[in-house]
Amino acid sequence: MLQATPRGLFNRSQLVLVAGETLPAPPGGNMPTATVVGARGPNGVYAQKSALNDWLRQIYKERAEIYPNYPAYSVAMAFLD
């Protein structure tokens, strides 16, 4: 993405990140317009509502200032397992 954007590749084609939810932070100015960002599994934005998920989302948002993504859920599950 960092090399293709300045060269105009995404002026001709759309960027699709099928597992882009693993990005460590919200995309900044380098993300091309109309990029499709997918996620995988029942975690992150697709996590079911539960007391445990509400707790994780709350403490993660307070500390990281973003909501937890797929890797954050994986690490939380490893610690809580």
Test of understanding: clusters of I, L, V, M, F, W, Y form through side-chain heavy atoms closer than 4.5 Å, transitively. Do L17 and L9 belong to the same one?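 Linked, L17 and L9 end up in one cluster.
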Starting from L80, can I reach Y60 by hopping between I/L/V/M/F/W/Y residues whose side chains sit under 4.5 Å apart?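 No, Y60 and L80 fall in different hydrophobic clusters.
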Residues which pass side chain to side chain contact (heavy atoms under 4.5 Å, CB included) with [X], listed by chain and number, not counting sequence neighbours:
X	value
D54	K49
A76	L56
Q14	A34, V36

Could you give the distance from CZ (R57) to OH (Y73), rounded to the nearest 0.5 Å?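 If I round to the nearest 0.5 Å, the distance is 5.5 Å.
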Under 6.0 Å from the CD atom of E62, do we count more than 12 heavy atoms belonging to anything else shown?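 More than 12 within 6.0 Å, yes.
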Indicate yes or no for a side-chain donor-acceptor contact from S13 to the backbone of F10 under 3.5 Å, with no hydrogens or angles considered.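 A pair under 3.5 Å: no.
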